[in-house]
Each structure stands twice: as structure tokens, then as C-alpha cells.
**Student:** 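Sharing a structure, written as C-alpha cells. Questions coming.
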Amino acid sequence: RSTSFGFLMTIIAVGVDRWGFDPWIGLIVVTALGCGIGLVNGLLVTRVRLPAFIATLGTLAVLRGTANATSGGLSYVVQEQQDLFFFTFLGGTIGDTRIPYLFVIMLIVMIIGGIVLARTKFGSDVYATGGNAEAAQNNGINTRRVKLACFVLTGGLCGLAGAFMYGRLGSAPVSAGTGLE
């Protein structure tokens with residue numbers, strides 16, 4: 001969801017650079033903010049009954065404009081006085097290998113997601129809702145709640161991805177997320 005990725009990457013960069021946030025706290029803040037954005041999108045889809053494409057396209061325009069206004073149209077680059085461990089860790093590799101720490105983090109997130117989808121009732125409900133929402137609803141699955149939870153989780157993961165990418169690159173380009181639609 002590039003809707004939130006670029007916005008959240010900009011927010012953590014502005015928060016760390018301009019507002020003096022600790023980058024680790026910024027990571028938590030943008031992850032929570034991403035969950036909030038996912039909640040808004042999810043409510044637009046499940047309660048207002050807008051098509052998901054229209055809801056996310058609308059929030060894309062709002063968030064891109066907000067990111068541009070917040071950053072002043074500028075890219076943010078890590079300053080020397082900031083917590084360098086955040087940036088060296090996320091931009092670093094395991095020992096003398098070329099395996100980035102972010103790759104390991106991605107594997108962990110994927111394994112957790114795979115286990116949740118394969119071995120939990122929620123995962124089964126997600127598959128059923130995605131396969132045939134009407135049939136899932138007829139079988140007693142609250143498809144609105146499942147869709148809403150998926151939007152919130154996706155938003156949170158976008159916040160996490162935006163923070164991680166900011167840490168890896170050491171900057172937040174003004175065009176972050178453009179073209180990922």
C-alpha cells in the first residue's frame with residue numbers, strides 16, 4: 001500500500017530530523033499511525049461501503065498532499081547527531097556476509113504471517129473472505145471484521161516498512177512510495 005508507505009516514511013523522517021524524535025520511538029509511532037490509516041481505509045470499505053480501490057485512492061491523494069506539506073517538498077537526510085545505531089543496524093548486514101538485517105526481519109514477519117494464515121481461525125477466515133465473501137458470511141464469518149483487521153494490519157506493516165526503509169536508506173525522498181500503487 002503505497003498510500004501510507006511514502007507518507008509514513010516522510011513522517012518518521014520529519015519526526016526524527018525536525019521534531020527530535022528518537023528513531024525507535026518514531027518506528028512505533030509510524031507503525032501505530034499506519035494502523036490508524038488502515039482503520040480509516042477499512043471503515044470506508046466496510047461501513048461506508050466504498051469500493052476498496054476508491055477508498056485507498058482517495059486516501060492516497062490526501063496522504064501524498066499531507067506528506068508534501070509536512071516536509072515542505074524536501075527530502076530528509078539523516079543528520080550526524082541522530083541515533084546512528086538505528087541507521088547502522090537497519091542499513092547493516094549480518095557479520096561479514098552480504099545478508100541485510102532487513103532480510104532477516106522480513107523472513108520473521110513472513111513466517112509469522114504464514115503461521116497465522118495457515119494455523120489460526122483468523123487465517124482461515126481471511127482465506128474464506130477473500131475467496132468468496134458471501135459464502136464466508138453465510139458460514140457465520142464476520143467478513144466486515146476480517147476485512148477491517150486486514151486493512152489495519154496492512155497499514156501497520158506499511159508503517160513498519162516505511163520506518164525500516166528510512167533506516168536503511170538514511171533518507172526519506174520526497175517521492176517515497178510513488179509508483180508502488
Side-chain angles (χ1 to χ4, degrees), residues 1-13 15 25-70 90 100-168 172-181:
R1 295 260 162 29
S2 69
T3 304
S4 1
F5 174 79
F7 169 74
L8 295 168
M9 190 172 172
T10 299
I11 292 300
I12 189 171
I25 300 298
L27 183 143
I28 294 167
V29 167
V30 297
T31 301
L33 189 56
C35 288
I37 292 167
L39 179 65
V40 168
N41 281 332
L43 290 172
L44 288 172
V45 171
T46 60
R47 301 293 182 213
V48 180
R49 299 198 185 264
L50 285 175
F53 178 76
I54 300 300
T56 56
L57 188 64
T59 55
L60 169 71
V62 169
L63 292 175
R64 279 210 181 136
T66 305
N68 197 25
T70 303
L90 292 176
Y101 287 117
L102 283 181
F103 178 75
V104 176
I105 293 169
M106 178 198 66
L107 284 178
I108 292 168
V109 170
M110 287 175 57
I111 288 168
I112 292 170
I115 290 170
V116 167
L117 286 173
R119 307 221 182 250
T120 66
K121 180 181 179 332
F122 174 73
S124 178
D125 291 352
V126 168
Y127 278 122
T129 300
N132 187 336
E134 187 177 338
Q137 195 168 14
N138 290 339
N139 281 309
I141 296 172
N142 186 340
T143 56
R144 283 175 156 189
R145 189 177 65 223
V146 170
K147 288 179 185 179
L148 185 62
C150 288
F151 272 99
V152 170
L153 285 170
T154 301
L157 289 172
C158 284
L160 201 60
F164 285 164
M165 189 58 71
Y166 172 63
R168 176 145 178 85
V174 72
S175 62
T178 302
L180 296 178
E181 292 83 7

**Student:** Which pair of heavy atoms, one from Arg168 and one from Pro100, lies closest together, and at what distance?
**Tutor:** NH1-CB, 4.1 Å
**Student:** Without swapping roles, check the side chain of Asn68 against the backbone of Arg64 for a donor-acceptor pair under 3.5 Å.
**Tutor:** no
**Student:** Is the shortest heavy-atom distance from the side chain of Val48 to the side chain of Leu43 under 4.5 Å?
**Tutor:** no
**Student:** Nearest 0.5 angstrom please: Thr56 OG1 to Leu63 CG, how far?
**Tutor:** 10.5 Å
**Student:** Is it true that a side-chain atom of Thr154 and a backbone atom of Phe151 form a donor plus acceptor pair closer than 3.5 Å?
**Tutor:** no
**Student:** For Leu44 versus Ala55, what's the shortest heavy-atom pair and its separation?
**Tutor:** CB-CB, 3.9 Å
**Student:** Can you give me the closest heavy-atom contact between Leu117 and Tyr127, atom names plus distance?
**Tutor:** O-CE1, 3.6 Å
**Student:** Got a second to check how far Asn41's CG is from Leu50's CG, nearest 0.5 Å?
**Tutor:** 10.0 Å
**Student:** Which atoms form the tightest heavy-atom contact between Val126 and Cys150, and what is the distance?
**Tutor:** CG2-SG, 3.7 Å
**Student:** I need the Arg145 CZ to Thr46 OG1 distance, nearest 0.5 Å.
**Tutor:** 12.0 Å
**Student:** Taking all atoms of both residues into account, what is the closest heavy-atom pair of Ala149 and Phe122, and its distance?
**Tutor:** CB-CE1, 3.7 Å
**Student:** With Ile37 as reference, evaluate Val62, Leu8, Val152, Val30 under the side-chain contact (heavy atoms from CB on, under 4.5 Å) test and give the passing residue.
**Tutor:** Leu8
**Student:** Hey, could you give me the OH/CD1 distance between Tyr166 and Ile11, rounded to the nearest 0.5 Å?
**Tutor:** 12.0 Å
**Student:** Within this structure, what is the CZ-CZ distance for the pair Arg144 and Arg47, rounded to the nearest 0.5 Å?
**Tutor:** 4.5 Å
**Student:** Would you give the length of the straight line joining atom CD1 of Ile108 to atom CD1 of Ile112, rounded to the nearest 0.5 angstrom?
**Tutor:** 7.0 Å
**Student:** Locate the shortest heavy-atom distance separating Ala163 from Leu90; write the atom from each residue and the value.
**Tutor:** O-CD1, 4.2 Å
